[in-house]
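We use all heavy atoms of the structure for the numbers below, so side chains are in, but hydrogens, waters and symmetry mates are not. Position 1 is the first residue of the sequence; numbering continues from there.
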Amino acid sequence: MEFFCYHRDRAGSLALRRELAEDHWAYMDRYADVLIARGPTFAADGETPTGSVHAVDLPDAAAARAFAFDEPTYQAGVYRDVLLRRWRNLLGRTMWEFPGGRAGGDRYLVLGLGPARATADDLRLPAGTDHDELIAFGPLLSDDATTWVGTAALVRAADPDAARAVLAPAPYADVEVHDWEFGGRR
C-alpha cells in the first residue's frame, strides 16, 4: 500500500531539526527500499525548511502510522502536524527514476486538497501536462482508499504558478505550492 506523508515544521524548531538530522537520516535509512519519494520543503527564502515529504510503500495503515509518528524528529516536537494519506503512485516509478535527475530546475510539492467528491479524471495523470516534468503524482485517498480527498504532486517547473498548473483548479478547495528538493543522503 502506498502512503503520502507530509510532516510540517513547527515554528521555531529549526535548531532542534538540525540537532536531530542524523537521527532522522538513520530512521529513513531503515525504509530506503520502500521509499518512492522524499525530501524537504522550504520557505520562500529557499533555505529555511518548512516540512518533510515521504511517499512510501508499506504493508498497511498501521505500518504507515508507525512510520510517520515514530520518526525521531516528530517525537521530539519538530513538526506541528502530519498529513498522512493513502496515495496511489500513478507514475509507477520512484523519484530516483525521474528522467530529469536530482538536479536542474526548480522543484515543488503541490497539494490539491479536494472536496468530498471526485470525478474519474481526478484519479488520472493530468491531461496536457508534460509527464516527464512530474517526479511523483497521485491521488490522496481515504484510509480505505475508496474516497478521493486530494492530489499530491512533486514537479519540476519554472515557477510556483507553473507548478500549480499541473492541477486543474476546479475540483480543489485549496491548492498549496511548496519549494521542494530531492531528499536522501548526499
Self-check item: Min side-chain heavy-atom separation Phe98-Arg93 under 4.5 Å
Solution: yes
Quiz prompt | Arg156 bridged to Glu133 by N-O distance under 4.0 Å | solution = yes
Self-check item: From CA spacing to verdict: side chain to side chain contact (heavy atoms under 4.5 Å, CB included), Val56, Cys5
Solution: CA-CA 8 Å; Val56 62; Cys5 181; 5.6 Å; no
Quiz prompt | Listed partners of Asn89 passing side-chain contact (heavy atoms from CB on, under 4.5 Å), at least two apart | solution = Glu2, Ile36, Trp87, Leu91
Show which side-chain atoms of residues 66-75 pair as donor or acceptor with protein atoms under 3.5 Å away, not counting sequence neighbours.
{"from": "Glu71", "atom 1": "OE1", "to": "Thr73", "atom 2": "N", "distance (Å)": "2.9"}
{"from": "Glu71", "atom 1": "OE1", "to": "Thr73", "atom 2": "OG1", "distance (Å)": "2.5"}
{"from": "Glu71", "atom 1": "OE1", "to": "Tyr74", "atom 2": "N", "distance (Å)": "2.7"}
{"from": "Glu71", "atom 1": "OE2", "to": "His24", "atom 2": "ND1", "distance (Å)": "2.6"}
{"from": "Glu71", "atom 1": "OE2", "to": "Thr73", "atom 2": "N", "distance (Å)": "3.4"}
{"from": "Glu71", "atom 1": "OE2", "to": "Thr73", "atom 2": "OG1", "distance (Å)": "2.7"}
{"from": "Thr73", "atom 1": "OG1", "to": "Tyr79", "atom 2": "OH", "distance (Å)": "3.2"}
{"from": "Gln75", "atom 1": "NE2", "to": "Phe69", "atom 2": "O", "distance (Å)": "2.4"}

Quiz item: Which salt bridge (Lys or Arg N to Asp or Glu O under 4.0 Å) pairs, counting each pair once, include a residue from residues 23-40, with sequence neighbours left out?
Solution: Asp29-Arg185
Quiz item: Does any non-hydrogen side-chain atom of Thr151 lie less than 4.5 Å from one of Leu140?
Solution: no
Self-check item: Summary of side-chain hydrogen bond (donor to acceptor under 3.5 Å, both in side chains) pairs that have at least one residue in residues 46-56, sequence neighbours excluded
Solution: Thr41-Thr50, Asp45-Thr48
Exercise. May I ask whether Val155 and Phe42 are part of the same hydrophobic cluster, defined by side-chain heavy atoms of I, L, V, M, F, W, Y residues being less than 4.5 angstrom apart, directly or through others?
Key: no
Quiz item: Heavy atoms, side chains only, cut-off 4.5 Å: are Ile135 and Trp180 in contact?
Solution: yes
Self-check item: Close side-chain approach of Glu176 to Tyr108, heavy-atom, < 4.5 Å
Solution: no
Quiz prompt | Nearest atoms (heavy-atom pairs only) where Leu20 meets Ala76 | solution = CD1-CB, 3.2 Å
Practice problem: Considering non-hydrogen atoms only, spot the tightest contact between Gly101 and Phe182 and give its length. | Solution: O-CZ, 3.6 Å
Quiz item: Which value, rounded to the nearest 0.5 Å, describes the distance between Leu134 atom CG and Leu154 atom CG?
Solution: 9.5 Å
Quiz item: Given side chains that start at C-beta, do those of Glu181 and Arg107 come closer than 4.5 Å, heavy atoms only?
Solution: no
Self-check item: Salt-bridge present (Asp9, Arg17; N to O < 4.0 Å)
Solution: yes
Self-check item: Any side-chain heavy-atom pair of Leu83 and Leu111 under 4.5 Å
Solution: yes
Practice problem: Determine whether Met1 and Pro59 make a side-chain contact, defined as any pair of heavy atoms from C-beta on separated by less than 4.5 Å. | Solution: no
Practice problem: Keeping the roles fixed (side chain from Arg10, backbone from Gly77), state whether a donor-acceptor pair exists under 3.5 Å. | Solution: yes
Show me the donor-acceptor pairs within less than 3.5 Å that the side chains of residues 157-167 make with the rest of the protein, sequence neighbours left out.
{"from": "Asp159", "atom 1": "OD1", "to": "Asp161", "atom 2": "N", "distance (Å)": "3.0"}
{"from": "Asp159", "atom 1": "OD1", "to": "Ala162", "atom 2": "N", "distance (Å)": "2.8"}
{"from": "Arg164", "atom 1": "NH1", "to": "Val175", "atom 2": "O", "distance (Å)": "3.0"}

Quiz item: Between Pro40 and Val53, is any pair of side-chain heavy atoms under 4.5 Å apart?
Solution: no
Quiz item: If you look at every heavy atom in Trp25 and Gly184, which pair is closest and at what distance?
Solution: CZ3-C, 2.7 Å
Quiz item: Closest approach of Trp148 and Leu141, non-hydrogen atoms and distance?
Solution: CA-CD2, 4.0 Å
Practice problem: Would you please test Val34 and Leu58 for side chain to side chain contact (heavy atoms under 4.5 Å, CB included) and show each step? | Solution: CA-CA 7 Å; Val34 295; Leu58 294 167; 4.0 Å; yes
Quiz item: Who pairs with Tyr6 by ring-ring contact (aromatic ring centres under 6.0 Å, His included), at least two apart in sequence or on another chain?
Solution: His178
Practice problem: Can you measure from OG1 (Thr146) to CZ (Arg86) and round to the nearest 0.5 angstrom? | Solution: 9.5 Å
Quiz prompt | Euclidean distance, Ser13 OG relative to Arg18 CZ, rounded to 0.5 Å | solution = 10.5 Å
